[in-house]
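Counting begins at 1 with the first residue of the sequence.
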Amino acid sequence: MTQLAGKAAIVTGAAQGIGAEYARGLAAAGAAVSLCDITDPAAVVNEINAAGGKAIGRIVDITDSQAVKGLAQATHDAFGRVDILVNNAALFGALRRKPLLEIDAQEWDKVMTVNVRGTFECVKAVVPLMRAQGYGKIINVSSSTVNSGQPLLLHYVSSKGAIVAMTRSLARELGADGIRVNAISPGFTLSEAVRNNPVYTKEVTAGIAAMRSLKRDQQPEDLVGAVVFLASPASDFITGQTIIVDGGVAMS
């Protein structure tokens, strides 16, 4: 695939799991990819380069505005432009499901800081570069839990609801600059972090799969097509939208 040839993308939270799949998919579609994570994404970077793609990597805390600005500039320096931002980094897989009265302020603030402010910091870092070239694609990652009103994860669901609102407001604000802002809302996905969380047993995941129109587990690679579409010129007249990718649970 070459629909992203000549484009440069940043993917956050790309050292493993879903973010790594986004990076691989964008690279396979022809984009040069800049990966970041709080852990070293070198293994995925090396994999992409070995397969004939172009990739660089950097350890970045997305809540650190200076570090995120450095990531954006390093990407521009390496590839000459920044066309695509995939705001994937977030807290979810390690969170413990609990009633709202058991969620303390510190945990609430941590989830909001990473999931909401981290997305905000990344957007702020790339907008000047995208604005200067008159084109850009920002792809935020929400969650289908926003549509279902999932209980026992109030902080996470609230943070992902904020991402939908942010996506719509950004689309209005940045449209005149040629910057499109959309989101995807994944269903429950068997990422590495989820597989490593003992809460999500085979019985739990089987029950979730049974709720889908397409009755199987959702894998990270199931999300790649929507991201590549939103990153590509095929979606140039789409902005402010959220695509639910959950195998047909939520239908809105």
Legend entry - Shortest non-hydrogen contact between Asp217 and Thr205, atoms and distance: OD1-O, 3.7 Å
Inset, instruction - State whether the side chain of Ser213 and the backbone N or O of Gly248 hold a donor-acceptor pair below 3.5 Å, judged by distance alone. - result: yes
Legend entry - Residue Ile38 excluded, over 12 heavy atoms near CD1 under 6.0 Å: no
Legend entry - Closest approach of Val82 to Met130 (non-hydrogen atoms, all atoms of both residues): O-CG, 3.5 Å
Legend entry - Ile163 versus Val141, closest heavy-atom pair with distance: CG2-O, 3.8 Å
Inset, instruction - Could you check if a side-chain atom of Val224 sits within less than 4.5 angstrom of a side-chain atom of Val227, using non-hydrogen atoms only? - result: no
Inset, instruction - Verify, without hydrogens or angle tests, whether Arg180 (side chain) and Gly178 (backbone) share a donor-acceptor contact under 3.5 angstrom. - result: yes
Inset, instruction - Return the minimal non-hydrogen interatomic distance between Val164 and Ser142, and the atom names on each side. - result: CG2-OG, 3.3 Å
Would you give me the side-chain donor-acceptor pairs under 3.5 Å for residues 105-112, sequence neighbours excluded?
{"unit_1": "Glu107", "atom_1": "OE1", "unit_2": "Lys98", "atom_2": "NZ", "d": "2.9"}
{"unit_1": "Glu107", "atom_1": "OE2", "unit_2": "His155", "atom_2": "NE2", "d": "2.9"}

Inset, instruction - Using atom types as modelled and distance alone, determine if a side-chain donor or acceptor of Ser169 lies under 3.5 Å from a backbone N or O of Met166. - result: no
Legend entry - Contact summary for Ile48 and Ala27, nearest pair of heavy atoms: CG2-CB, 3.6 Å
Legend entry - Side-chain donor/acceptor of Thr12 to backbone N/O of Asn88, under 3.5 Å: yes
Legend entry - Residues clustering with Tyr135 (ILVMFWY side chains joined when closer than 4.5 Å, directly or via others): none
Inset, instruction - Report the C-alpha distance between Phe229 and Ile238 in whole Å, list the side-chain angles of each, state the deciding distance to 0.1 Å, and finish with yes or no for side-chain contact (heavy atoms from CB on, under 4.5 Å). - result: CA-CA 10 Å; Phe229 168 68; Ile238 299 174; 3.6 Å; yes
Inset, instruction - Begin with the C-alpha distance, continue with both residues' side-chain angles, and end with the deciding distance and a verdict on side-chain contact (heavy atoms from CB on, under 4.5 Å) for Ile179 and Leu170. - result: CA-CA 9 Å; Ile179 301 172; Leu170 287 169; over 6 Å; no
Legend entry - Over all atoms of both residues, closest heavy-atom pair of Gly240 and Asn182: N-OD1, 3.2 Å
Inset, instruction - Ignoring hydrogens and angles, state whether a donor on the side chain of Ser144 or Lys160 is under 3.5 Å from an acceptor on the partner side chain. - result: no
Legend entry - Expected output: side-chain Thr167 to main-chain Ala165 donor-acceptor under 3.5 Å: no
Legend entry - Donor-acceptor contact below 3.5 Å, side chain Asn140 vs main chain Thr119: no
Inset, instruction - Check whether any side-chain heavy atom of Ile139 sits under 4.5 Å from a side-chain heavy atom of Asn87, and report yes or no. - result: no
Legend entry - Test item: Arg97 and Gln150 side chains (from C-beta on) under 4.5 Å apart, heavy atoms: yes
Legend entry - Residue pairs fulfilling side chain to side chain donor-acceptor pair (under 3.5 Å) with at least one residue in residues 28-45, sequence neighbours excluded: Ser34-Thr75
Inset, instruction - Pick out which of Thr145, Ile18, Leu153, Asn115 makes a side-chain contact (heavy atoms from CB on, under 4.5 Å) with Phe92. - result: Leu153
Legend entry - Side-chain (Ser232) to main-chain (Gln3) donor-acceptor, under 3.5 angstrom: no
Legend entry - Side-chain donor/acceptor of Glu21 to backbone N/O of Ser191, under 3.5 Å: no
Inset, instruction - Determine whether Val157 and Ser143 make a side-chain contact, defined as any pair of heavy atoms from C-beta on separated by less than 4.5 Å. - result: no
Inset, instruction - Ignoring hydrogens and angles, tell me if any N or O in the side chain of Arg117 forms a donor-acceptor pair with the backbone of Thr63 under 3.5 Å. - result: yes
Legend entry - Flag if over 12 foreign heavy atoms under 6.0 Å of CD, Glu173: no
Inset, instruction - Answer yes or no: is there a donor N or O on one side and an acceptor on the other, between the side chain of Arg212 and the main chain of Asp246, under 3.5 Å? - result: yes
Inset, instruction - Show your working on side-chain contact (heavy atoms from CB on, under 4.5 Å) between Thr242 and Ile184 and close with a plain yes or no. - result: CA-CA 5 Å; Thr242 300; Ile184 66 166; over 6 Å; no
